[in-house]
Chemist: 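Input: one structure, supplied below.
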Amino acid sequence: MTARSRLLRRYFLAALLLFVTGTLILTSYTLWLLRSDAILNGLEVSAMHSRSFEDFITQNLLVTDLVGANLLDQEDHLADVDHVTGFLSSTLRHAPFLRSLSLLNDRGRIIASSNPDNLGMIVPLESFLPTAARGPNMLRIGLPWSGRDFADGRPGEGTDNLTSFIPVVHPLKSEKQNLTVLFALNPDYFINHMLQTIEVTEGTVEVVRYDGRLLMSTDQEEPQGTLREYITRELRLDEVETGEFEQTLGGDRHVLTAFRASRLYPIVIITHLNRDYALRYWHEEGNTLLAIVIPSIMAVVLLAAVFYRRQQQLYVQRIENQRLQRINATVFDASNEATLVTDLDTKIVSINPAFTRATGYRLDEVAGRPLAEFLIDDKIAPCSPTISTSTESNLESPGVEVQQRCKDGSLIWVEILSTPERDEQGKIIGYHRISRNITERKLMEDRVRQLAFHDHLTNLPNRRLLLDHMGLAIASNTRSGSHSAILFLDLDNFKLLNDNYGHAVGDLMLIEMAHRLKKSVREMDTVARFGGDEFVILVNELNVDNSKAMTQIKQIAEKIRLAIAEPCFLTITHDGKKQSTIEHQCTSSIGVTLFVNQGTQEQILKQADDAMYRAKRAGNSLVIFH
Amino acid sequence: MHKFLFLTVLLIIMGFPFLSEASGTATNRLERVQNENLVRVCIWPDYYGITFRNPKTQKLSGIDIDMAQELASDLGVAVEFVDSSFATLIDDVTGDHCDIAMFAIGITASRGEKLRFTDSHLASDIYAITTRTNRRIKQWEDIDNPGSVVAVARGTLHEPVMKEKLKAAQLVVLDTPFAREQEVQSGRADVFMIDFPYSQRFLANADWARLVSPPGIYHVTPYAYAMKPGDDIWYNRIELFVSDIKSDGRLMTAAKRYGLHPIVTP
């Protein structure tokens with residue numbers, strides 16, 4: 001891994017970490033906000049309950065107070081126990097929050113009651129709030145009693161804790177008497193009301209006296225009369241009568257507490273809303289949010305990892321491609337092979353220095369111009385489909401051999417090898433072409449061909465080339481019906497010349513004879529030397545008619561015989577200096593055979609040869625027909 | 001079948017007038033009702049689901065209010081509802097304050113001595129109502145324990161039944177309207193005893209109340225309409241009516257309307 005890759009990887013991981021951390025922080029912050037909102041809302045709900053219950057209890061106590069006040073109106077009849085009892089019983093009928101109504105005398109003894117069993121009971125009033133000194137006709141609230149009524153009950157916890165009541169008194173102080181109305185307040189009525197609003201699973205409601213004593217609780221397991229120390233220790237009810245706060249009860253019960261003091265009586269209503277209940281929707285919202293966020297983060301991380309991996313692969317590939325391009329560029333520039341790049345239309349895109357060296361052209365002179373402009377070959381003009389098709393179809397093909405025009409006007413033979421350049425989809429987008437200079441090879445090939453098919457002394461076609469031409473003539477004659485003729489010619493007395501003046505003179509003689517023979521026939525005819533002093537002439541496209549063709553060849557043969565018979569002057573030179581000139585007259589014996597397409601080349605030559613020998617035997621300088 | 005019964009009644013009315021003489025009534029009640037074009041029906045207006053007068057609207061409702069109107073319709077007369085109670089039932093019927101008492105009157109032996117009952121149309125067991133917060137009564141077995149106070153309305157069938165059945169609990173017999181509810185709600189009593197029709201309607205309206213059901217059958221009482229003894233013509237006509245409302249589905253339709261179909265007797 002390169003330093004750059006490591007750096008990129010570090011950046012990537014840092015960005016990913018930043019994203020994940022950021023998202024988690026945002027999610028946590030959102031959850032925290034939602035939770036705070038739920039807590040705040042819970043505290044408001046708790047306060048709303050406290051306000052509602054305070055109003056309910058205060059109203060009922062106010063009614064109780066009014067009942068006491070009404071009794072004062074009965075002042076004149078208070079001595080009549082039956083009348084008072086009837087009044088108390090009828091008052092009780094529509095007051096389900098009261099269990100009994102009694103009248104206490106100044107010694108605290110019950111002298112009249114809706115419950116006859118209560119009569120005679122003494123009820124101590126010391127612990128009642130507010131204390132008696134505070135006000136003469138003020139409703140005062142005592143501590144809870146266990147039992148159904150005073151008759152069977154006792155202050156505080158008793159043997160029968162299944163029922164309880166709260167004693168409340170209303171002094172009836174007047175000039176005539178000092179009586180007190182005693183109420184047995186039914187806590188179940190209030191608890192029932194509160195439980196209908198707030199279930200125990202949602203929270204609890206407590207009614208506590210100002211001195212911290214529990215009067216009633218919706219949690220029936222709570223013992224009545226218990227001291228709630230925090231009421232006197234933490235709540236400054238004289239200053240603040242309402243408030244909300246979060247607290248933990250019993251070590252592990254988290255609640256949202258709202259308290260509200262009664263506006264008339266020394267009691268405070270406290271609602272403890274369970275925090276879990278207040279947060280129940282928050283839990284759902286949180287789970288929903290996390291169910292969306294966590295998979296989303298995982299999906300993003302996964303996608304980012306895949307993307308990063310892909311980018312890394314592409315980066316490595318790009319680096320490799322760049323390396324390969326550099327290598328290619330180096331090879332391209334350093335190559336001794338003239339190389340050029342063309343597009344699909346064979347327009348030149350680039351050339352390498354070797355190309356410039358070979359042709360003289362610079363890139364700016366050839367760029368954008370069709371390659372065909374610089375090539376001379378009928379096969380590829382005017383453009384170069386041949387090049388592309390030949391190279392495209394077979395990359396191993398030798399390519400095409402054409403002549404290329406250099407900047408100075410000279411022509412060179414080149415072999416162009418083309419390799420298609422493809423894009424990622426495999427589509428051809430251009431060609432790399434090597435233009436290899438094969439001028440020397442071409443010249444060598446021409447030379448070899450010359451040596452193989454020509455007589456090196458006279459430069460006339462040799463026997464092999466003549467046989468080729470004869471084959472072509474037979475084929476042509478077969479189609480046209482024309483006649484051709486073979487003239488087998490042998491110089492007379494040539495050996496004598498060789499013996500007298502040497503082979504060099506003999507060779508001169510042969511060269512002169514070859515020259516004369518070529519002049520005697522048409523360009524289309526073939527004059528070949530078979531070796532020694534034997535020449536063979538192929539005359540083509542004679543008349544279709546045999547006799548006419550015969551006449552034509554007779555004339556030609558005679559023309560040749562005469563041309564050979566002309567005296568020739570041979571100049572002998574030594575070291576390039578003329579030394580002497582020899583005059584020599586040479587005759588020839590000629591055997592002629594006429595053919596269309598009958599027989600093989602060898603048979604035809606044999607016939608002409610035979611005719612030539614017959615002419616030799618018959619005497620020199622004759623033309624004999626087969 | 002109905003026609004046959006109706007013809008029988010007609011024959012009794014038209015062909016055997018001496019029978020009504022024999023019953024000791026100068027003119028039979030059916031004639032009187034038809035002559036006056038009015039049938040007087042005794043009801044207990046505190047009886048949820050049976051004959052209840054809504055204190056807010058003063059409107060009567062209940063299965064026997066519907067049946068009384070059906071009876072008047074069958075007789076082709078108007079109906080007048082006369083307030084009564086279980087405490088005053090016998091006096092009201094025998095004192096001729098009404099022609100018939102139609103408020104699901106439980107057939108008890110003591111009542112049978114003074115009143116003449118039709119075939120029963122409903123039958124209910126006894127149930128208890130307590131407050132939701134009552135810690136003493138959690139289940140039926142908790143009722144008859146020392147310290148428990150059980151309230152019943154005077155004159156109801158629950159009074160003799162509970163007197164007989166309760167061994168340890170204290171029984172309070174009350175005779176003012178809604179006194180049972182007041183006693184239990186104020187905590188002076190733990191439970192009050194009611195029947196199925198009362199419990200159905202009562203629980204629907206009182207959030208503070210909790211039903212305590214007996215674990216099995218406790219004391220099923222058949223309910224019927226009550227008349228003054230004698231007067232077979234009137235009695236037979238009413239029996240015919242009871243038979244009709246049972247067979248033609250009027251009783252069941254009304255019972256379903258008030259959620260009482262589980263206690264309709266066939």
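Letters A, B, ... are given to chains in the order of the sequence lines, protein chains preceding strands, and every chain is numbered from 1.
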Chemist: Counting only heavy atoms closer than 4.5 Å, note whether Val149(B) contacts chain A via side chain, backbone, both or neither.
Modeler: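 Both parts, heavy atoms under 4.5 Å.
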
Chemist: Report, in residue-number order, which members of residues 208-219 of chain A are under 4.5 Å from chain B by heavy-atom distance.
Modeler: none

Chemist: So, do Leu92(A) and Arg188(B) sit near enough that their side-chain heavy atoms are less than 4.5 Å apart?
Modeler: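 In contact.
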
Chemist: With a sphere of 6.0 Å drawn around CD of Gln58(B), does it hold more than 12 non-hydrogen atoms of other residues, nucleotides or ligands?
Modeler: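 Yes, because the 6.0 Å sphere around CD of Gln58(B) holds more than 12 heavy atoms from other groups.
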
Chemist: Could you give the distance from CD (Gln170(B)) to CZ (Arg148(A)), rounded to the nearest 0.5 Å?
Modeler: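 So the gap between those two atoms works out to 7.5 Å.
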
Chemist: If the contact rule is any heavy atom under 4.5 Å from chain A, which residues of residues 217-225 of chain B qualify, in numerical order?
Modeler: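 Listed by number, there are no contacting residues, so the answer is none.
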
Chemist: For Lys138(B), is the NZ atom crowded, meaning more than 12 foreign heavy atoms sit under 6.0 Å from it?
Modeler: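 Check passes, neighbour count above 12.
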
Chemist: Rounded to the nearest 0.5 Å, what's the gap from CD on Glu183(B) to CZ on Arg93(A)? Could you check?
Modeler: 9.5 Å

Chemist: Which residues in residues 180-199 of chain A have any heavy atom lying under 4.5 Å from a heavy atom of chain B?
Modeler: Asn186(A), Asp188(A), Tyr189(A), Ile191(A), Asn192(A), Leu195(A), Gln196(A), Glu199(A)

Chemist: Would one find more than 12 heavy atoms of other residues, nucleotides or ligands at under 6.0 Å from atom OH of Tyr281(A)?
Modeler: no

Chemist: Pull out the residues in residues 204-216 of chain B that come under 4.5 Å of chain A, heavy atom to heavy atom, sorted by number.
Modeler: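 Interface residues of residues 204-216 of chain B: Asp207(B), Trp208(B).
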
Chemist: In Å, rounded to the nearest 0.5 Å, how long is the span from OG of Ser186(B) to NE2 of His94(A)?
Modeler: 12.5 Å

